[in-house]
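I have placed the structure first, in the form of structure tokens, so that the comments after it can refer back to it.
Since the model is a prediction, treat every value here as computed from it, not as a measurement. Keep in mind that the numbers below use all heavy atoms, side chains included, and drop hydrogens, waters and symmetry copies.
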Amino acid sequence: MRLATLLCLGLSCVGLQAQSFSALPDVDLPAVPSGPGLLFGSADVAGLQARRSDPLYSADYQSVKGLVDSKLGSISSNLGDDLLSKLAKGAAALEQLGEIPASGPHASYRDAAVAAILAMGSRSPTSLFGGGNLVPDKDAGMLNSMAEAYDLLRATGVSAGSDSALRAKLENWAQAFANDGFLPFRNNNLSLKSGCAMVSTALAMPGHALAQGWLDEGQDFINGALSGRASQTGWYREGPHYINYVLNNLISTALHVKNRTGVDWFPSLLPFARFAIDTRQPDGSQAPFEEGVSNTFPHHTLLSAFAGQAIQAEMAWAYENGSGDLGNYDVAQLHRLTAFVLRDAAVSSVPPSGSPTRFIGGDAHVHVLRSGWDSQAQQATMVTAQDYSSLALITSRHNTQNPLDLVIAGAGETLLPTSGGGPQVTLSSHRDYYLEPSSRNLVLVEGSAPFVTSAAAISSRDRLDSQSAPWQGHELLDFATTSVQGYGNADSVERSLGMVDNSYFIVADAVFDVQVLPVAQAWHGRGTFSQGASGPDLVQASWSHNASVLDLWSVGNLPLASQVASGYRALSWGQEETAHDLQVQAQGIEPHFLTVLQPRASTAGSLQVTRLTASGVLGLQVDSAASQDLIGFAPQASSFQLGGLAANARLVLLRLQSGLPAGFALIAGDALSWQGQTLLSADQPVSLSLTLGTGKLQAQVSRDQASTLYSLRFQNLPGFDMSHDFEATFAGQLLGASQFAKQGNELVLSGLSGGGSLFIESTGPASTGNTGNSGNSANTGNSSNSGNTGNVGNTGNTGNTGNVGNTGSGNVGSNASSSSSSGGSGGGSCAVQSGPSSQSLLGLLLLFVAAAVARRSRED
């Protein structure tokens, strides 16, 4: 590892984990080429010429040509270096494509490109003592464009004198980066972008005496910044805004590296694309967590690198269904030309497969609860990213005090945005406001929230993704919990986020400490604010934005107060909105809150939410047109009674339809009952979500369920005829008799491990010892079994052919009431008869043989 990389890593990798970004493969300086090849080469010209008239590409091409042609007559230093670098790149590309200016002072686009580069100013490095005029983040993009332009001018007949002047200009800029006094220590987006520009310049002029130094130091800058700011999860620690900014250079330089050296950096960039898709908002944008403003990931210029991979079609879909606002990806670069060259419009557009809800671990701790991939989807995204530093001395920092931050979208809008970094980020007039923890949607302890630099301080659990089966919808509860240790002066703070029935969200917050602390939930909706009937028992509020509404209800274990203040929001560059910020406040020992948030169209009806009062638990009743939900939250996972609902759990949700349970969810619990009838019991705490149908259920057990074995018992389930046999599948495996059985009126699962989907379904009326007799349901009511009185559907049961072990009527050997056992295959029941005889023993043997044959035929 080079010395500069060691310096970078040593200065800033606070709390980094094994998931830190791996170094990009080393690049060696290639031989001096005879023709262009950084952006495209001579072999690509014919295909690009055909694209000029292709409707799928012509808009990008016409944009580039129109820009260049509009400035041909005025190329001078007055245009500024940013525009001149774009003109140089665009004019050089037009020269390679065989275009000739229609008019103007330049006889060729080659001459225009040369004039543009030579009109640009010079650069000098800054030092620790001041001076210098290099602006790394902006100048890096310009140098990238100059390098591409110089390479595209190769073999076009540039005079020796002009070539010497061009090389001197690029050398001046590259050396300013190489000699800058701050870049080796920044280890952030500035050094990464600078490193890209240096690598591209070295590859554009590999014969230059200083090229090897630019190449080596450039790679140091890139790898140092990626190691310090990125991880294999795709999270970039300065926020999605800054990975967008970094890719402004990194995509281009990766292309240059591959084209000139054959070394492929693109696979290393794949996690960024995966993260961008998994966390995208319904409008296609990236939420401005940590820093910056919302923008769109540049899938269109990156997707061509992943031919043959499933994500390529997802990237095409994501870009086509996005807002089109690339934001700072376009800064100081002519990316319409890059897109013209790189974009593959023939790639099929396919939405992401699998569940829309996504969980991202590592140093990001991102939970994305999403109802679908369409623009009207409901979505809540929570992030508790590990900070790379706790430095808060300067307002230009990109590390932010925002654990447990939350963004909610629905009804076609972002309705609960986080503050991001302001409309001009580091240059925003209200910069201090945007950086305050109170400007984000999180828990405030004593008015603030901490930086979290230790990975060990953050943990996530209870992750549930309720997924539908072919025969039944099941989206009752998607859920996740994140805990942060050392949250200011509190021992820890936990936030649980849930999406109920793809309709509304619940947020359960708990602060753990033995001292009295002032605590608040900070909420920042968009649009017109109104507060409902709020008091110490319940806070109600709404924000209306365009044709959408966000409703909020919050309760606490301590008396609540609410405070409203003016604030700001910036959801796109240069545009600032005024906002109304709400704090729901409480003070005491271990305050906790239970909140319901409903995003909806303004024409849709609001939920009816009321507080349920009970000891030791926060309760809410949520009524909609179709159902009634009872929600209880007890942070210490204790037994509680909430009206007719009783549970031993941290959080429970019971859905009622027509007064009967239609589904329920249990978080870190082992018991649930309704109106005195047990629905579920477990031998250890479990987190699951369950939906009931007629004779069938579907459940999702948390992926975070411990690998130790556990058991579940279901009983008193509405719609379940316990005279039937049932079959169970868990985590894709059909459960045998040792793991699933019907015991009386209970369905018992044992020896389960971990999480997964659970399906239980009736296979028809049970046959107790009577193979082939579908009406003989567990011999219910047989006192002497003479004529099988009480056998539903079997009058007399005389001479049942196929009833293995039963001779004629009377069930030989049954001299007492028959009982049922779980020994039958597939979880069915078989008769256990007292007073054994030789005939009954033979019958039992034949019964087990028949059961085994039946089970084998089902498995086949």
Side-chain angles (χ1 to χ4, degrees), residues 15-17 19-21 229-244 270-292 294-295 297 311 314 318 352 354-371 373 377-388 398-409 414 416-420 440-443 449 451-455 457-465 478-484 493-499 505 507 509 702-704:
L16 296 186
Q17 301 304 299
Q19 289 181 320
S20 290
F21 209 84
R229 297 293 183 267
S231 79
Q232 298 297 345
T233 65
W235 171 249
Y236 189 78
R237 294 188 179 108
E238 293 177 291
H241 175 97
Y242 280 95
I243 188 58
N244 180 290
L270 185 60
F272 298 133
R274 181 76 268 160
F275 184 93
I277 291 173
D278 289 343
T279 60
R280 70 188 294 277
Q281 301 296 291
D283 66 358
S285 68
Q286 299 294 113
F289 283 119
E290 202 73 15
E291 254 285 37
S294 299
N295 48 40
F297 191 86
I311 195 173
E314 293 183 30
S355 171
T357 286
R358 302 290 167 100
F359 302 111
I360 301 170
D363 57 352
H365 291 274
V366 177
H367 314 310
V368 185
L369 311 186
R370 184 192 280 116
S371 65
W373 293 106
Q378 309 275 52
Q379 180 174 331
T381 308
M382 185 169 81
V383 61
T384 307
Q386 179 188 346
D387 286 303
Y388 59 85
H398 304 315
N399 53 310
T400 307
Q401 299 156 267
N402 67 329
L404 309 173
D405 202 1
L406 180 65
V407 168
I408 290 178
T414 297
L416 188 77
T418 190
S419 67
R440 301 167 189 270
N441 302 303
L442 42 81
V443 179
F451 293 105
V452 185
T453 56
S454 170
I458 313 170
S459 60
S460 292
R461 65 180 193 277
D462 307 328
R463 286 167 287 193
L464 271 173
D465 181 4
D478 289 6
F479 196 84
T481 297
T482 296
S483 177
V484 179
V493 172
E494 278 185 356
R495 166 163 280 183
S496 294
L497 173 67
M499 179 174 67
F505 300 98
V507 178
D509 292 325
S702 171
R703 58 182 277 182
D704 299 312

Atom pair OG1 (T453) and CG (N399), whose distance is rounded to the nearest 0.5 Å:
10.0 Å
Does the side chain of P352 come within less than 4.5 Å of R358's, by heavy atoms?
yes
Which atoms form the tightest heavy-atom contact between S231 and R237, and what is the distance?
CB-NH2, 4.4 Å
Distance check, rounded to the nearest 0.5 Å: L497 atom CG versus H367 atom NE2?
8.0 Å
Are the side chain of S294 and the backbone of A287 linked by a donor-acceptor contact shorter than 3.5 Å?
no
Evaluate side-chain contact (heavy atoms from CB on, under 4.5 Å) for V368 paired with D278, printing each intermediate quantity in order.
CA-CA 8 Å; V368 185; D278 289 343; 5.8 Å; no
Please check if the side chain of Q401 supplies one atom and the backbone of A449 the other of a donor-acceptor pair under 3.5 Å.
yes
Kindly indicate whether a cation-pi arrangement holds for R229 with Y388, taking the cut-offs as under 6.0 Å to the six-membered ring centre and within 45° of the axis.
yes
Nearest heavy-atom neighbours spanning A480 and F359:
CB-CE2, 3.8 Å
Between G420 and R440 the two heavy atoms that sit nearest each other are O-NH2, 3.0 Å
Would you confirm whether E290, through its side chain, and T400, through its main-chain N or O, come within 3.5 Å as a donor-acceptor pair?
yes
Considering residues at least two apart in sequence or located in another chain, which fulfil the side chain to side chain donor-acceptor pair (under 3.5 Å) criterion with D465?
S355, Q467
Between T233 and F272, is there a side-chain heavy-atom distance shorter than 4.5 Å?
no
Quick check for you: to the nearest 0.5 Å, what is the distance between Q232 atom CD and D363 atom CG?
10.0 Å
As a quick check of understanding, evaluate side-chain contact (heavy atoms from CB on, under 4.5 Å) for I458 and T482, giving each step before the final call.
CA-CA 7 Å; I458 313 170; T482 296; 3.9 Å; yes
Determine yes or no for a side-chain-to-main-chain donor-acceptor pair under 3.5 angstrom, with E314 supplying the side chain and R274 the backbone.
no
Would you say the side-chain atoms of N441 pair up with the backbone N or O of P417, donor to acceptor, closer than 3.5 Å?
yes
Check: S496/E494 side-chain N/O donor and acceptor closer than 3.5 Å:
no
From Q281 CD over to R370 CZ, what is the distance, rounded to the nearest 0.5 angstrom?
8.0 Å
Restricting to non-hydrogen atoms, name the atom on P282 and the atom on Q379 that form the minimum distance, rounded to 0.1 Å.
CD-OE1, 3.4 Å
Please evaluate residues F289 and T279 with respect to the criterion side-chain contact (heavy atoms from CB on, under 4.5 Å), reporting the C-alpha separation (whole Å), side-chain torsions for both, the decisive distance (0.1 Å), and the verdict.
CA-CA 11 Å; F289 283 119; T279 60; over 6 Å; no
Shortest non-hydrogen contact from H365 toward S460:
ND1-OG, 2.8 Å
Hey, can you tell me if W235 and F275 have their rings parallel, tilted or perpendicular (30° and 60° cut-offs)?
tilted
Minimal heavy-atom distance between L406 and A380, with the atoms involved, is CD1-CB, 4.3 Å
With rounding to the nearest 0.5 Å, note down the distance linking OG1 in T357 to CZ in F479.
13.0 Å
Atom pair CE (M382) and CG (L404), whose distance is rounded to the nearest 0.5 Å
6.0 Å
Are any side-chain N or O atoms of D704 and backbone N or O atoms of R463, one a donor and one an acceptor, separated by less than 3.5 Å?
yes
Would you sort out whether T384 and R495 count as a side-chain contact (heavy atoms from CB on, under 4.5 Å), showing the intermediate values?
CA-CA 10 Å; T384 307; R495 166 163 280 183; over 6 Å; no
